[in-house]
Each structure stands twice: as C-alpha cells, then as structure tokens.
2 protein chains.
Amino acid sequence: MPRKITLKQIAKELDVSVSTVSKSLKDSPEISLDTKEKVKAFAKLYNYKPNNIALSLKNRKTKTIGIIIPEIVHHFFTTVIQGIEHVANEKGYNVIICLSNNSFDKEVLNLEFLANGSTDGFIMSIAKETQQKEDYHHIKEVINQGMPVVMFDRVIDEVICDKVVISDKHGAFEAVQYLIDHHCKKIAIISTVDYVSVGKLRTEGYKDALITNDMEIDQDLILKIEDVDHSEEKIEEFLKNKNVDGIFAVNEQFAVNAIKVLKKLHKKVPEDVSVIGFTDGVVSKSFIPSLSTVNQHGEEMGAKAANLLIDRLENEAEEQSFQTTVLDTSLIIRDSVKK
Amino acid sequence: MPRKITLKQIAKELDVSVSTVSKSLKDSPEISLDTKEKVKAFAKLYNYKPNNIALSLKNRKTKTIGIIIPEIVHHFFTTVIQGIEHVANEKGYNVIICLSNNSFDKEVLNLEFLANGSTDGFIMSIAKETQQKEDYHHIKEVINQGMPVVMFDRVIDEVICDKVVISDKHGAFEAVQYLIDHHCKKIAIISTVDYVSVGKLRTEGYKDALITNDMEIDQDLILKIEDVDHSEEKIEEFLKNKNVDGIFAVNEQFAVNAIKVLKKLHKKVPEDVSVIGFTDGVVSKSFIPSLSTVNQHGEEMGAKAANLLIDRLENEAEEQSFQTTVLDTSLIIRDSVKK
DNA sequence: TTGTAAGCGTTATCAG
DNA sequence: CTGATAACGCTTACAA
C-alpha cells in the first residue's frame, strides 16, 4: 500500500525543508541533533530509501555494469558472470545482462541502449556474427563516448580497451603436448571455423605442439566444424578410417561427441584413443569416462574483468594505458587419456 | 571523445529552446517543418539518443525487470533467463540479474536495492536459505510498495502474487508411473531435504504413483540428500544391498551419480535398473546411457513469467486477481530406461 | 510556432 | 542551524 516515500513527503510531514531532511539523513553536522533524530526516526518508520534513479541522474553514474554476451545457456559464460557478479557486488555495483544471441544487430542494439545512461561501463564477449562481419564500430563508439569497455574471451585486436583472455594457444599446446608425451603418434584436432578467434588460436597451439615435437602437420587430421548441431555426424565421417590415437577437441561438446563416435567405431577411450577437450563444464566431470580438459577458469576471468572495469570507473583521472590480461589455463587430467 | 550530447547542448548550438528540440525530435506538429528538419539533422549528426535515466526518472518507470535467482551456473536457471530475456526484449524491457547465491541476506539486499527505482518489477525464485527460514517479509514489502512480483519454480504460498510453476508432483508421478509400467517393482527415489519445496512435491508425486498402483511405500527406498557435493557417497551407501530395479532422481546430478554408483555395483542400466531424472540439461543428453528425464521447460517458464509481469506493469489499472500458472512437464525417454 | 516553467528525487551550494 | 535554489536530462502543459 505505502508507495515508496520521498524526501519531499518526509519534509512536508515534518514541516521542514527537503534539504534539511536530506542533510539529516546524511548526518550532516549542519543540522541540530534534535531535528536529525526526528527525521531519522520518521525515515526509518516509513522505511525511506533513496531513489537510485534520481541518484544516478544526479551523480551521472549508475553503479551498474553492462554485460553483453553471446548466450547464457552455456556453462563457460555463466561462470564468467558469476565471477563478475561477485566482485561487482562486493564493490557496490549491479550487473545488467544482455544477450546478443550471437547476432550482430542485437549486439549493436543492446550496446547502444545500455550506453544511454543505463550503465557506467561494459564487459563483453563478441557475437560470432560480429566477428564474421568484422564490424566493430558500435564498440568503438561507446568507447569514444567515454565508456570503459573490457572484452573477454572473444576479443578484437583492433578495438582498443582492456582485455582478459586465456592463453588459448598455450592451453592447446599443453593439451597436445600431453598427448604426445603419452605416446600419441597420430593426433587429430576438432576445431571450429577460423573466424571464431578462439578456434583459430587453439588450432595454432595444436600445430605448434606438433612442430615443436618434430611431428608432421597433416591437414587430414584437422577438422573444422561450422555447425555445432550436426557435429556428431561430421565427426563420425572424419574419424572413420583414420586410426588416430589422440584427439584434441576445442570444446566440450566436440570432445563428448568424439568419444561417442569412437565407441561406435569400437575404439576404447583411453586405451586406443586419448581425448582432451577444452572448457571444463558439468558434462566433463559427469561423463564416462570423465573428460580431460583445458580449464578456462571462467570465474577468474569474470572477476578480473570486473576488477579492471571498476578500476577504470573509479580512477577516471589517471589515464592508464590499456592492458590485456592473459590468464593461464590448466590441464585437468581425468579418465579420457592415458596416464 | 564526444561525450554524449544532450537536448540542452543541441538547443544551445541551434539557438532554440530545449522544448523546441524535444518536440522536434518527437515530430510534434507544433513545430515548423523547417526547425524540425534542422534539429533532426543536427541530432542525427551528433548521434543524439535520449538518456534513459532521465526518462526513467520522469516517467517513473525504468522499463527494466529485475531477476533474482539463487544461482546462475545452473542449466535450468539459464534457460529460464533465456525465456525471460527473449520476451522482455521483444517488449522493450531490459533485465537486470542478481544472484542470491542461496543466501537470505543477499536476497534481501538485492531486492531492497533494486526496488528503489532500479526496476519496475521482479521475477524471482527463492533462495534455499529463505525457504528454510520461512521469512518472506522482504518480498511482501516490495509487493506492498506496489511493485509486481512473479515467482517461479520455488514459490511460496503465503506470498500473494503471480506464480509460474511446473506440476512437480505430476511430473514425478508420470516418471514413476513409467517405471511401474515398465515392470519396475522396487523403485527408489533420490530427493532433496523437505524444505526445498520442489523436492517435497516430487517426493509426493512418487508416493502417489506408488499408492495409485497399490504398491507399498517403503521409507527405506527414500533418500533425502542435503548436500549435493557428497551425493555420490550418500547414494552409494544407499543403493548398496538394496536391489532396486528403478530409480527416480529429483535432479540431473543425482541421476547421473546414481548411474555411476550402479556401474560400480555392477548393475546394468537399463537392463537391471531403469533411471529417470528431473530437469533436462546438457548432461542428460550427452551421458551414456543418455538420461531419461522429466523436462521442466525452463524457457517456457521464463517466457510465461515475463509475460505475466509485463502484463501487470502495463495494465496497472485493471486489478486482475493473481494467478498461478502450472506448466506441464513432459517425459523425455532416452536410454536409461527400458522401453 | 516557439519558449517558459514545473516536475521526476536527489544533493550541493549558498544565503539567511 | 535551516532553507531556497540550481542542477542532473527530459517531457509537457501552458504562455507568449
């Protein structure tokens, strides 16, 4: 029933001015103890809380962070959000989340909308379509308007801002190196198409590992998948008659599907083929055999991104130069590889 | 470089009044075509976009929806968010997401904060701790202040507002009925502790199914797990020497762990034991054997909740009475049960 | 056709 | 010690 009470109403009730009320509630020394008590008591009684919107308008800052990500039904992104949310909250910020659904247009819309006063800055990972189009004007624009942006995971070199990534290449390298160290001679990679930056980087890591170990790079052992939905068929076709003894998959789904296909082909994991995936999700742990993966440390990534952004927001004066933070991956060895 | 431009600045540049600018941009007939053109051109040139915060203050509505959920690294909740986000966006709303991390205090804080002007209404699922404490004053309070609230999944009878739930009981019933129909004689349930409402309801559905089929309810076949982290051990202990031929688990994790334990105990799924879980997540599909589940239709749930909320927001006049929408579950039969 | 002014809820400055 | 006023950015009666 009692709509939110405002300073004005309190003032009227108590027959003082609005500014007196405001000052009293902030315990200003200007105001007599008497009135302060009175005001505070009244305010408490009516459960007064300042209106955030009014504050935002006045202070020209909203204390909220915009997160724009391609999708939310995705374990990695939720861990990142978790990380962001955690530090944001600790520092008195809220987060408002928008999904681009990997659509360029929606990314642009979201960004533009949130940039008009709704948030103080952004943490974002680029939509697939945007990477494909290579059109980043919307991001550059908000940056130009003075809003700090932190990019994570899928980042863009030509956009100048703080970035947080994992060492995709190095993570892939380590995974493949592990396979090599454990006597795999014929190692395949199941990757995404090249315009997805992480797919590209992980493929490079794979190649580097082979080269470093004087092994040949065989294009026939490199599969690039465009459409996740039909990956299992693609993988089956790919693995048939190949006789690989190691597989590095650039995500969890591909790894799981690879193992399924291997079972169909009557190959044993890890006895005949060792498999390592990328991204440590719920499936990896639960799967039988449990999946070895390159852990992306999403939560850490989110936390770092949030810290970077908030630092910028709160020290706008100091024009620090932009930094790219590279977080280490770590190899989680489970039952899908020889040990 | 160019900080966001405001009406005032445009007005000054063009040497007209602020209201003229405002009206021009809204294509008001009051203004001469000439000035309108001029203003619009200038505005476009400088990429003018109205400030949302100012609009919110003026209109006393923010066009944003607050979502408060217990956790985000959880497939079901992300699908709900997806559903909410989709319809919210379609109708011109943004969503701001806060996590309670299942903590009562954080839930209170979030709610209070967002209620102070940041959002127009809430969609929420209660924290576990809140259910335990049975303290819902914070929710009642925002409702009293005139903010619409829609609860989903974990809902509270004594809080009067719109609700969206699935027929937990009926979903459980169907699952158990399926097991019975496929010749299971000794069916166990792996559930959560009773204060989690869904756990309780699903257990009731289980019991109902047994009763309906003239089967005995054996307390020894009912496991209630408090702590998800050690569920596998609990389940192992529970299943040892029990010789069940059917298991109904109230979530995906329990189902997966049950199957793992069964493997350890050298029981075959589904030949020796049929297993059905609740919630259809990524793991269910990927798992071997793929998991039969009761599908919760999270996205639908989110969409429904968002529609309910937005309806209320936009038809505040009509004091419709509150409704509880019960969505149907559906049984997804995969390889973990006999067919 | 254009401009003035009030108001959304706050706070800060300055005057009384 | 208290209050009036302006300002944040915008919209909208109402005046001119």
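In what follows, chains are A, B, ... by sequence order, proteins preceding strands, each numbered from 1.
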Indicate whether OP1 or OP2 belonging to dG9(C) is found under 4.0 Å from a side-chain N or O atom of Arg60(B).
yes

What's the closest nucleotide to the Ile31(A) side chain, out of dT2(C), dC8(C), dT2(D)?
dT2(D)

Spacing of Asp15(B) atom CG relative to dT1(C) atom P, expressed in whole Å
19 Å

For a quick check of understanding: with a heavy-atom distance under 4.0 Å over all strands, which category does Leu55(B) fall into, base, sugar-phosphate or nothing?
sugar-phosphate

Quick one: is dC10(D) close enough that its OP1 or OP2 comes under 4.0 Å of any side-chain N or O from Ser19(B)?
no

Check for a donor-acceptor pair, side chain of Asn116(A) on one end and backbone N or O of Glu112(A) on the other, with a separation under 3.5 Å.
yes

Interatomic distance, Asn51(A) CG vs dC8(D) P [rounded to whole Å]
18 Å

Report yes or no: is there a donor-acceptor pair, N or O only, under 3.5 Å between the side chain of Lys23(B) and the base of dG3(C)?
yes

Please check: side-chain N/O of Ser125(B) versus main-chain N/O of Phe152(B), any donor-acceptor pairing under 3.5 Å?
yes

What integer distance in Å separates Leu25(B):CG from dT12(D):P?
13 Å

With nearest nucleotides of DNA chain C determined for Pro29(B) and Ala54(B) from heavy-atom distances, which residue corresponds to the more 5′ nucleotide?
Pro29(B)

Interatomic distance, Leu7(A) CG vs dT11(C) C1' [rounded to whole Å]:
9 Å

Using the rule given for side-chain contact (heavy atoms from CB on, under 4.5 Å), can you reason through Met124(A) versus Glu107(A), listing the C-alpha separation, both sets of side-chain angles and the distance that settles it, and then say yes or no?
CA-CA 10 Å; Met124(A) 62 187 302; Glu107(A) 188 174 280; 4.1 Å; yes

With a non-hydrogen cut-off below 4.0 angstrom, is Lys61(A) in contact with a base, only sugar-phosphate, or nothing?
nothing

Ignoring backbone atoms, test whether Lys8(B) places a side-chain nitrogen or oxygen under 4.0 Å from the OP1 or OP2 oxygen of dC8(D).
yes

What's Thr35(B) touching, base or sugar-phosphate or nothing? Going by heavy atoms closer than 4.0 Å.
sugar-phosphate

For a quick test of reading the model: is some side-chain N or O of Ser56(A) closer than 4.0 Å to OP1 or OP2 of dC8(D)?
no

Please pick, from dT4(C), dC14(D), dC14(C), the nucleotide with the shortest atom-to-atom distance to any side-chain atom of Glu30(B).
dC14(D)

Atom-pair distance (CG on Leu57(B); P on dT11(C)), nearest Å:
13 Å

Could you walk me through whether Lys91(A) and Asn307(A) pass the side chain to side chain donor-acceptor pair (under 3.5 Å) check?
CA-CA 9 Å; Lys91(A) 307 209 171 176; Asn307(A) 275 315; 3.0 Å; yes

Residue-phosphate contact under 4.0 Å: Ser17(B) side-chain N/O, dG3(C) OP1/OP2
yes

Rounded to whole Å, how long is the line connecting atom CG of Asn59(A) with atom P of dG9(D)?
12 Å

Send over the distance from Lys12(B) NZ to dG9(D) P, rounded to a whole Å.
12 Å

Step through the shown structure and confirm whether more than 12 heavy atoms of other residues, nucleotides or ligands are within 6.0 Å of NZ on Lys40(B).
yes

Could you check which of dG9(C), dT11(D), dT11(C) has an atom nearest any side-chain atom of Lys26(A)?
dT11(C)

What nucleic acid atoms does Lys58(A) come within less than 4.0 Å of, heavy atoms only: base, sugar-phosphate, or nothing?
base

Donor-acceptor under 3.5 Å (Asn110(B) side chain, Cys98(B) main chain)
no

Specify the separation, in whole Å, of atom OH of Tyr46(A) and atom C1' of dG9(C).
19 Å

Quick note, Thr6(A) side chain, CB onward, closest among dG9(D), dT11(C), dT10(C) is dT10(C)

Which nucleotide, dG9(D), dG3(C), dT2(C), lies nearest any side-chain atom of Val16(B)?
dG3(C)

